[in-house]
Amino acid sequence: MSDYILEMKHIIKEFSGVRALDDVNLQVKKGEIHALCGENGAGKSTLMNVLSGVYPYGTYDGEVEYKGQLCKFHNLRDSEAEGIVIIHQELALSPLLSIAENVFLGNEQLSMKGVIDWTKTRQRAQEMLEKVGLDNENINAPVNSLGVGKQQLIEIAKAMAKKVELLILDEPTAALNDEESKKLLDIMLELKNQGITCIIISHKLNEISYVADAVTVIRDGKTIETLVKGVDDFSEDRVIKAMVGRELTNRYPEREGVTIGDTIFEVKNWNVFHPDDPDRQMLKDININVKAGEVVGLAGLMGAGRTELAMSIFGKSYGQKISGTITINGKEVVLNNVSDAINNKLAYVTEDRKTNGLVLIGDIKENMTLAARPKFFSKHGVIKGNDEILAAEEYRKRINLKANSINQEVGSLSGGNQQKVVLAKWMLTQPDVLILDEPTRGIDVGAKYEIYCVINELAKAGKAVIVISSEMPEIIGTCDRIYVINEGEIAGELTSDEVSQEKIMQCVMAHNRKE
Amino acid sequence: MEKKRVNLDMKQYGMFLALIAIYLIFAVLTHGKNLTPMNINNLVMQNGYVVILAIGMLLCVLTGNVDLGVGSIVALCGAAAGILMMDYNKNMWVAIIVALAIGLVVGMFAGVFIAYLNIPPFVVTLATMLMGRGLTYTLLKSQTKGPLPDNYTFIGARFLPTYKIFFGDGVLDLVSIAVAVIVSVALIMSELRSIRIKKKYNFALAPAWQTILKDAIMLFIIWFFFYKLARYNGLPFILLIMVILIAIYAFITTKTVAGRQIYALGGNRKAANLSGINTNKVFFWVYTNMGVLSAIAGIVLSARNGSSTPKAGDGFEMDAIASCYIGGAAVAGGSGSILGAVVGAFVMGILNNGMSLFGWTTDVQKIVKGAVLLGAVTVDVLSKRKNK
């Protein structure tokens, strides 16, 4: 008898003629944390959907063996009955229901058929919360009163309540900051000690090397290799090589031929208060400036106020009682709304492309030209349709967008390509200053590289670029200068030759002590 | 360079074909009664106001909402016009302008609550529906006001100038035929122009036979329609109003910045906001516009009836909403077209008309209309799901 809890053999899955999975093999040992890596669209999620019964037995070729038995799952319920629970990237919680109720959502504690036993629900919810380190939360509070990181833990508690044996986490830390991620990963290690097997899908290689015992790399629907900790080379570069099929010698492309010019963007004495609470100051006396051709980073922990700063600058899209001055190209400007900002050559690429950036049911062309339309693609309010098509085509090629045509629905594109559409949308407004908020969140290594190339191109064209990112290596790798923001204040300023992750954290810590 | 050819998107024409199919089914069932010149004329006159309302309603539906108040505003504006002409002996033009102004004000009233106070449109328009109806009954003292003056009823019940000659066993209006010729030429010209532009920019063309077949069918429908009208009394004045409104709104929704902003808002309000679109303003104008179009429909309806009644326009909001959905607009907003809504309105109209001719009561008609609405939306949703 093998010590594998799960063996997926020669899995083939086709969607209307296209092979999403082509002879994939995955072997997971009992009690290990097994990472699944691959670029977006490589087939990781498809594979997990095969495992969990979302694609029922018979719609794929190959065999799934779980605890030595051939699986014939027809839906999620079948796989959950066997102790296989999948936690998706999008949280499956009902925001206004209580924490306790959410923990037992779909798995209600009953006193008799169809009647909920509330005492039992609360009592057992408390037990589950203890297992994920949330013992101090009020189980009667609505689940949306928790932050995203804790909600993610509630999902795990929910899985625990289902007596999970094999837990699958699909990019669990995508929306979490470093601290929350660490906590989640530690909980995973704790679960491992309790004998629970985990499969984690993640783009963050540092996390994988932290928790995983083995990693299987999938590329273009095929298994490339499985690396085992302590046996094979387990370094990040090794995994990246397997993922992209080539050595990415430099994850951050060199910026060449850029001349840094005069300061063209400056924010002075910027103060912003919370949109719902006029007494709560969110940003205090912020001063930043960016030169033409310069890439400036805003580093800091999640909730430090970086996005709030960007959005309050961008046409007062966040906050109230805003004071301070903005200077663009040597002229002081007042930006009361987004179209003022666009007209003054300022662009903001949102951190959340799906909710704030794209019209998902719209096509690529519509999305690309949406913001630039009043200024560049219309005359007296009438759209110049052919100009739009030409511009969209031009940018499709320029940013290497993988799509059938500019009429393709944006919702059907992969995350990386969606991000490129958002970028193109703002490049089309012909800005001089661009603020990129988490420009590579949730996209694969290859697409990230392409986004960095676009940033370089912008700098080369003499634009002022501000990059906000929670991934410190990214900020360090792409920026000429970095402002560290903490608790709504500038905690420090670092140039590229002195910056390191430790330096940034030291700035934050020093600032915290001053408080 | 080899020319790319792309098949015509049949989904785009699906609703149109369904309309023709329904019409032909009733032609068989009623032994051709719905093919008579008089009936074609009735179809236009009876559905004019639903078409006008469906145009405005589409904009509301595009935002992901509806306007429940339109039926009441139709009645209110008709009542105001009637009272001014009958009780105060005002000129027809004064009555029309005041009716339009009332529609505008009611629309702005709803718009302020929806756009600037963030009250859900369903609630706001439910309120305008109740208030509008109550106000109408109060103004009219629950009485019907009529008959309205002749020059006013012209709008709803009369025809454009004609030049009739004897033809076959009846008459033929040459003005209608002339319009048909103009429309045909315009259709062919625009098709040629679009082919020329596509060639110039090297866009994909549809196969020649598909284009020719499509245009042949459209020409046949145009000639059938105008010939029948020519055999009756010429072109109804309502048709002119309808065509002008359809043309204006089709242009706005497809070719203007303001129109596309409605789609962007319906697709993702936050993203629209962060793209420089003042979404409050869009909401405000969409509902204000609905008020004005309701007023136009109210004028047309009272003119056709020759009277203002407190019950006028009862349930029209539902017909207008149903027209949009039958015409392929998405309930969640962000997708749909003016032509779709117009076709949807005519599907409802042809069903009503055909069933009446066939001898079914209005009770049965409602059951059928409900089933058709449910069926059309179900087919639409399922076909979209299949594509994914």
Side-chain angles (χ1 to χ4, degrees), chain A residues 15-16 311 314-315 317-318 336-343 346-350 352-363 365-375 377-390 393 405-407 409-412 422 425-426 429 437, chain B residues 4 6 9 11-12 62-64 193-194 196-204 248 250-282 285 328-336 380-381 384-388:
Chain A
F15 292 103
S16 47
M311 286 186 67
F314 189 61
S317 302
Y318 171 87
N336 280 321
N337 51 50
V338 173
S339 51
D340 284 354
I342 294 172
N343 290 331
L346 176 64
Y348 168 69
V349 181
T350 170
D352 188 344
R353 56 183 169 266
K354 281 191 178 162
T355 14
N356 294 337
L358 293 168
V359 178
L360 291 173
I361 58 168
D363 63 20
K365 180 192 65 142
E366 282 284 332
N367 273 286
M368 277 191 180
T369 55
L370 187 61
R373 194 175 271 154
K375 210 170 161 191
F377 298 107
S378 64
K379 197 173 173 185
H380 308 304
V382 179
I383 296 169
K384 294 191 263 183
N386 293 317
D387 288 5
E388 284 197 341
I389 296 174
L390 290 176
E393 276 293 347
S405 85
I406 54 168
N407 298 320
E409 211 178 273
V410 166
S412 67
V422 187
K425 166 176 152 182
W426 288 105
T429 63
D437 197 348
Chain B
K4 289 175 287 180
V6 171
D9 181 7
K11 255 199 86 192
Q12 213 179 326
L62 283 179
T63 69
R193 183 167 169 271
S194 117
R196 206 171 57 236
I197 289 177
K198 280 181 177 163
K199 275 188 178 155
K200 185 177 155 198
Y201 287 98
N202 223 345
F203 298 156
I248 292 175
F251 179 78
I252 290 177
T253 51
T254 56
K255 296 269 162 63
T256 67
V257 175
R260 300 312 294 178
Q261 287 187 342
I262 306 174
Y263 284 83
L265 160 67
N268 185 343
R269 187 174 184 178
K270 278 186 187 166
N273 252 326
L274 284 174
S275 301
I277 297 171
N278 186 337
T279 50
N280 288 342
K281 209 165 113 187
V282 175
W285 285 112
V331 180
S335 121
D380 191 42
V381 168
K384 274 179 194 156
R385 189 181 302 167
K386 212 169 153 192
N387 284 343
K388 281 182 183 166

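Quick note on labels: first sequence line is chain A, next is B, and so on, each numbered from 1.
Atom OG1 of T256(B) sits about 14.0 Å away from atom NE2 of H380(A), to the nearest 0.5 Å. Taking CG of N280(B) as the start and CG of N337(A) as the end, the distance is 11.5 Å to the nearest 0.5 Å. To the nearest 0.5 Å, atom OG of residue S275(B) and atom CG of residue L370(A) are 4.0 Å apart. The CG atom of L358(A) sits 11.5 Å away from the CG atom of L274(B) when rounded to the nearest 0.5 Å.
Residue K375(A) places its NZ atom among more than 12 non-hydrogen atoms of other residues, nucleotides or ligands, all under 6.0 Å distant. Enclosure of atom NZ in K384(A) by more than 12 non-hydrogen atoms of other residues, nucleotides or ligands within 6.0 angstrom is indicated.
Looking at I252(B), there are no atoms closer than 4.5 Å to chain A (heavy atoms on both sides), in backbone or side chain. Looking at E393(A), neither its backbone nor its side chain comes within 4.5 Å of chain B, counting heavy atoms on both sides. Neither the backbone nor the side chain of L265(B) comes within contact range of chain A; no heavy atoms are under 4.5 Å apart. Only the side chain of F314(A) has a heavy atom closer than 4.5 Å to any heavy atom of chain B.
When each of G381(A), A371(A), G411(A) is scored by its heavy-atom pairs under 4.5 Å with chain B, the top score falls to G381(A). Between chain A and the residues A264(B), G259(B), A330(B), A258(B), the largest count of heavy-atom pairs under 4.5 Å involves A264(B). Each of V422(A), L360(A), I389(A) has some count of heavy-atom pairs under 4.5 Å with chain B, and the biggest count is that of I389(A). Note on I342(A), T429(A), L390(A), T355(A): by heavy-atom pairs under 4.5 Å with chain B, the leading option is T355(A).
At a threshold of 4.5 Å between non-hydrogen side-chain atoms, the residues Y263(B) and V359(A) do not count as touching. In this structure, the side chains of N273(B) and S317(A) stay at 4.5 Å or more apart for every pair of heavy atoms.
Here the closest non-hydrogen pair linking A271(B) and G357(A) is CB-C, 3.6 Å. For the pair P374(A) and V257(B), the tightest heavy-atom approach, listed with the atom from each and the gap, is CG-CG1, 4.2 Å.
Checked by atom type and distance alone, the side chain of N356(A) never pairs as donor or acceptor with a backbone atom of K270(B) at under 3.5 Å.
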